[in-house]
Each structure stands twice: as structure tokens, then as C-alpha cells.
*Asks:* 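Once you've had a glance at the structure underneath, I'll fire off some questions.
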Amino acid sequence: DTMDSLPRGAISEVFGVESCGKILYLNELFAREGAGKEFCALVDSRGAFDPFSAAQAGVDLRRLLWVRGDRHIEHAFKAADLILHAGGFGVVILDLCEVPARELNCIPLSYWYRFRLAVENTPTRLIVAADQPIVKSCARVQLEVKRQRLVWRGPVFAGIDFEIAPRKARLQLAG
């Protein structure tokens, strides 16, 4: 199970092209953690989170802190930093999906080191979601989400079938 391969006390990275199933995968993670009575946090840098779809996927919105972004990447990083240093969350997701590459390329490596130190020796999983890998050497695990097919029930869109491909792991991945 790839969700079990996302280690606590570390940064994991989930990436893939737009509409590949990343958000479905992350909603599954939120649903699973919430069912285990964990509190989760989402820093939504682009304001794209859909609470209705998340609830449909089984996410307990009462256990989710949603920080809605204002499209300024530095505000998203500040929010993530405050949440990580506050503690108390089983999963923190920094959603950088659809952030332009020129902005992502300007992220100082020191941010990732700061985040890595903030979660080290804690029960928190920090997951960075993006369209491409960006965390560099600070990610313990990198998972690429690849769309296999779109699922239709007659004329109605019903979802996306996707696969998870491990790209980097300093721990042995199950599955």
C-alpha cells in the first residue's frame, strides 16, 4: 500500500501532470487519516481544493484544517511553516499543483531543509504535491501519479484510474 510508504517525520513528494489523479490520491489519504482520528492540514496555494469532492471521497472535513491560498507562494510557505511548528497534525499537505514552474524554481533549498527539520522526529507526514518534483534531496519518498484512464458511467464522468510509481525512496516501499 503506497499510503503506508509515506513515512512519518519526513517530507514525501507526490507529483504528476495535471488531471493525473493526484488530488484523488491525496483525498484518499485524508479520508484514511481522518478515519484513524488524525487531524490533517491542507495548505492550498491556488485555492483549488473542493470540499464537496473531498467529502464525497470520505474526508472528514471536521478533522481538516484548510488554509486557502491567495496565489502568493510565499504565503503558502509561511502558512505551512506555522502549521508544522505548531504540531498536532498527522498529515500536512502543501499543495503546489498548477504553480508556474518559474515560481517553483525560485524556492530556496533552505525552505525544504527547514520543513525537514520541523517534521523530523514527529508523527507528522509532510506531503508536497506538485506537477513536477521540486523538493530535491529533502524528500525521503517521491511518488509519481500516472493517469491510466478516465472512467465514464454512460455520459457521466465518474473518476480517474491511476497508478502510483515510486521514483525515490530511502525506505523500502511496500507494494
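Computed over heavy atoms, backbone and side chain alike; hydrogens, waters and symmetry mates excluded.
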*Asks:* If hydrophobic clusters are built from ILVMFWY residues whose side chains come within less than 4.5 Å, do Val17 and Leu24 share one?
*Replies:* no

*Asks:* Decide yes or no for Trp112 and Ile107: does some side-chain heavy atom of the first lie under 4.5 Å from some side-chain heavy atom of the second?
*Replies:* yes

*Asks:* Relative to each other, are the rings of Phe115 and Tyr111 parallel, tilted or perpendicular (30° and 60° limits)?
*Replies:* tilted

*Asks:* Would Phe15 end up clustered with Leu26 when hydrophobic side chains under 4.5 Å apart are linked, directly or stepwise?
*Replies:* no

*Asks:* Quick one: does any side-chain atom of Asp44 pair with a main-chain N or O of Gly69 as donor and acceptor, under 3.5 Å?
*Replies:* no

*Asks:* Is there side-chain contact between Arg68 and Phe49, with at least one heavy-atom pair below 4.5 Å?
*Replies:* no

*Asks:* To the nearest 0.5 Å, what is the distance between SG on Cys97 and CD1 on Ile23?
*Replies:* 4.5 Å

*Asks:* Ala57: which residues meet the side chain to side chain contact (heavy atoms under 4.5 Å, CB included) condition with it, sequence neighbours left out?
*Replies:* Asn27

*Asks:* Heavy atoms only: give me the nearest Ile83-Val43 pair and the separation to one decimal.
*Replies:* CD1-CG2, 3.8 Å

*Asks:* Quick one: are Leu143 and Leu6 in side-chain contact, heavy atoms under 4.5 Å?
*Replies:* yes

*Asks:* Would you mind reporting whether Arg116 and Leu126 have side-chain heavy atoms less than 4.5 Å apart?
*Replies:* no

*Asks:* May I have the step-by-step check of side chain to side chain contact (heavy atoms under 4.5 Å, CB included) for Leu96 and Phe77, ending in yes or no?
*Replies:* CA-CA 10 Å; Leu96 299 174; Phe77 275 84; 4.1 Å; yes

*Asks:* Nearest 0.5 Å please: distance from the CD atom of Gln142 over to the CD1 atom of Ile11.
*Replies:* 11.0 Å

*Asks:* Looking at Arg46 and Glu103, is any side-chain nitrogen of the basic one under 4.0 Å from a carboxylate oxygen of the acidic one?
*Replies:* yes

*Asks:* List the atom of Leu61, the atom of Ala54, and the distance in Å for their closest heavy-atom pair.
*Replies:* CD2-CB, 4.4 Å

*Asks:* What's the separation between atom CD in Glu144 and atom NZ in Lys22, rounded to the nearest 0.5 Å?
*Replies:* 10.0 Å

*Asks:* Would you check if Val141 and Pro7 make a side-chain contact, meaning some heavy-atom pair closer than 4.5 Å?
*Replies:* yes

*Asks:* Are Val67 and Ile93 in one and the same hydrophobic cluster, where Ile, Leu, Val, Met, Phe, Trp and Tyr link if side-chain heavy atoms are under 4.5 Å apart?
*Replies:* no

*Asks:* Is any side-chain N of the basic residue among Arg8 and Glu38 closer than 4.0 Å to the acidic one's carboxylate O?
*Replies:* yes

*Asks:* Flag the pair Leu65 / Val92 as yes when at least one side-chain heavy-atom distance between them is below 4.5 Å, and no otherwise.
*Replies:* no

*Asks:* Using every non-hydrogen atom in the two residues, find where Phe39 and Arg62 come nearest and quote the distance to one decimal.
*Replies:* CE2-O, 4.1 Å

*Asks:* Nearest heavy-atom pair of Ala118 and His85: which atoms, and what distance?
*Replies:* CB-CE1, 3.7 Å

*Asks:* Tell me whether Ser45 contacts the main-chain N or O of Asp95 through its side chain, where contact means a donor paired with an acceptor under 3.5 Å.
*Replies:* yes

*Asks:* Between Phe30 and Ile127, is there shared hydrophobic-cluster membership here, with clusters defined by ILVMFWY side-chain heavy atoms closer than 4.5 Å?
*Replies:* yes

*Asks:* Same hydrophobic cluster for Val14 and Leu94, using side-chain heavy-atom links shorter than 4.5 Å among ILVMFWY?
*Replies:* no

*Asks:* For a quick test of reading the model, state the closest non-hydrogen atom pair linking Glu13 to Gln132 and the distance between them.
*Replies:* OE2-O, 4.0 Å

*Asks:* My understanding is that only residues two or more places apart in sequence, or in another chain, count here; which of them pass ring pair (Phe, Tyr, Trp, His ring centres under 6.0 Å) with Tyr113?
*Replies:* none

*Asks:* Please find the pair of heavy atoms, one from Arg140 and one from Gly9, that lie closest to each other, and give the distance.
*Replies:* NH2-O, 4.0 Å

